[in-house]
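To start, the structure under review is shown below, and the notes come after it.
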Amino acid sequence: MKDSIDADTLEHLLARVTLRDQAALEQLYKFVAPKLTGVAMKIVHDSDLANDILQETFLQIWDNAGDYRRDQSEPMTWMTSLLRYRTLDKLKSEKREQHRRNQFHEAHNLFGEPESTSPLTNMLQDDTDIQVSTCLQTLDVLQRNSILMAYYFGYSREEIAVHIEKPINTIKSWLKRGLTRLAQCLSH
């Protein structure tokens with residue numbers, strides 16, 4: 001009987017959260033946070049990361065409480081699913097970021113810095129850096145950010161599209177137009 005009452009209470013709190021009732025969100029948090037934190041800890045084995053995921057999950061609950069349907073799942077099951085998907089997304093994201101770092105270090109180790117550079121080489125490199133920076137500033141913010149994400153941070157077009165929340169074809173256009181304008185600027 002207690003599980004049924006708890007599920008009813010959770011459902012009632014979710015309905016109030018749908019109405020943007022912050023007190024209901026606080027009550028919901030106090031009621032389910034320990035269990036959800038435990039689920040996150042079993043997956044990530046890191047209390048700081050588990051707490052971050054819990055906070056992100058509660059933001060998602062705040063934004064999506066109206067999507068909850070009792071006929072599809074129990075309230076705790078629904079919230080646990082949100083947390084689980086958020087946790088797996090976070091792990092994938094961290095794995096991609098670690099892979100990017102590893103690739104950078106591999107490339108750096110392979111090509112490395114020249115053993116010795118002359119003052120002239122340093123001066124020419126500084127001039128090139130200044131020119132590239134100046135030309136990047138001529139681009140609009142979205143083109144500049146897309147180019148930096150793709151060529152400096154190593155994001156794929158798909159990852160940029162997800163991050164900026166724009167269609168992939170828009171990202172492709174920004175990159176193409178931005179690189180064309182950048183090349184024209186650098187040729188002067």
Side-chain angles (χ1 to χ4, degrees), residues 17-18 20 22 25 40 43-44 46 48-68 78-79 81-188:
V17 169
T18 299
R20 302 311 225 193
Q22 291 181 355
L25 184 69
I43 299 171
V44 298
D46 179 311
D48 289 336
L49 186 55
N51 286 327
D52 288 347
I53 292 165
L54 180 67
Q55 298 307 314
E56 291 174 12
T57 301
F58 267 89
L59 286 173
Q60 189 173 3
I61 290 169
W62 176 255
D63 289 336
N64 299 307
D67 295 342
Y68 170 71
W78 181 74
M79 290 183 284
S81 294
L82 291 177
L83 176 111
R84 186 176 174 279
Y85 288 122
R86 171 95 28 216
T87 303
L88 295 175
D89 285 346
K90 182 73 88 175
L91 288 174
K92 285 179 192 173
S93 174
E94 287 192 0
K95 189 174 181 180
R96 279 193 309 267
E97 184 58 34
Q98 185 59 47
H99 181 69
R100 255 189 228 109
R101 284 189 208 118
N102 291 344
Q103 284 181 321
F104 171 79
H105 290 299
E106 287 173 20
H108 183 73
N109 289 337
L110 183 61
F111 298 108
E113 292 291 321
E115 290 296 320
S116 64
T117 56
S118 69
L120 178 61
T121 303
N122 289 339
M123 192 171 71
L124 291 173
Q125 183 61 47
D126 289 345
D127 287 345
T128 301
D129 290 346
I130 290 168
Q131 186 178 11
V132 168
S133 179
T134 301
C135 288
L136 278 170
Q137 293 306 314
T138 67
L139 302 177
D140 67 50
V141 173
L142 294 173
Q143 285 178 338
R144 178 175 56 243
N145 289 346
S146 297
I147 288 171
L148 290 173
M149 288 175 77
Y151 296 99
Y152 184 74
F153 294 105
Y155 284 85
S156 70
R157 291 179 293 207
E158 292 80 10
E159 290 170 325
I160 296 169
V162 168
H163 185 73
I164 297 179
E165 298 177 351
K166 296 290 183 187
I168 184 88
N169 288 335
T170 301
I171 302 303
K172 289 177 184 178
S173 295
W174 287 348
L175 288 171
K176 184 176 181 180
R177 285 193 309 257
L179 288 173
T180 300
R181 287 186 53 207
L182 190 59
Q184 290 170 344
C185 179
L186 289 170
S187 68
H188 292 110

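In this chain, numbering begins with 1 at the start of the sequence shown. Computed from a prediction, not measured in an experiment: that's the story for all the values here.
- Nearest heavy-atom pair across S146 and W174 is OG-CE3, 3.3 Å.
- When every heavy atom of I147 is checked against every heavy atom of L139, the shortest pair comes out as CD1-CD1, 3.7 Å.
- Looking at heavy atoms from C-beta onward, L179 lies in side-chain contact with Y151 at the 4.5 angstrom threshold.
- Checked by atom type and distance alone, the side chain of N64 never pairs as donor or acceptor with a backbone atom of D67 at under 3.5 Å.
- To the nearest 0.5 Å, atoms CD1 (I53) and CG (L91) are separated by 6.0 Å.
- Residues L175 and R157 are in side-chain contact: their nearest non-hydrogen atoms beyond the backbone lie under 4.5 Å apart.
- With R84 as reference, L88 is the one residue of T87, L88, L82 to meet the side-chain contact (heavy atoms from CB on, under 4.5 Å) rule.
- For the atom pair C185 SG and Q137 CD, the distance stands at 10.5 Å (nearest 0.5 Å).
- Going from atom CG of L54 over to atom CE of M79 covers 11.0 Å, rounded to the nearest 0.5 Å.
- Put simply, the side chain of W62 reaches to within 4.5 Å of the side chain of Q22, judged on heavy atoms.
- Using a 4.5 Å heavy-atom threshold, the side chains of Q55 and N51 count as separate.
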L49 vs K90, side-chain contact (heavy atoms from CB on, under 4.5 Å): CA-CA, chis, key distance, verdict:
CA-CA 9 Å; L49 186 55; K90 182 73 88 175; 3.7 Å; yes
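- Rounding to the nearest 0.5 Å places CD of E159 at 9.5 Å from CD1 of I168.
- Considering all non-hydrogen atoms of both residues, A50 and A40 come closest at CB-CB, 3.8 Å.
- Residues passing the salt bridge (charged side-chain N to carboxylate O under 4.0 Å, His left out) test with D48, sequence neighbours excluded: none.
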Could you go step by step and tell me if K172 and N169 meet the side-chain contact (heavy atoms from CB on, under 4.5 Å) rule?
CA-CA 5 Å; K172 289 177 184 178; N169 288 335; 4.0 Å; yes
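- Atom OG1 of T138 is separated from atom CZ of R144 by 8.5 Å, given to the nearest 0.5 angstrom.
- Atom SG of C135 is separated from atom CD of Q131 by 5.5 Å, given to the nearest 0.5 angstrom.
- For CD of E158, the number of neighbouring non-hydrogen atoms (other residues, nucleotides, ligands) closer than 6.0 Å is greater than 12.
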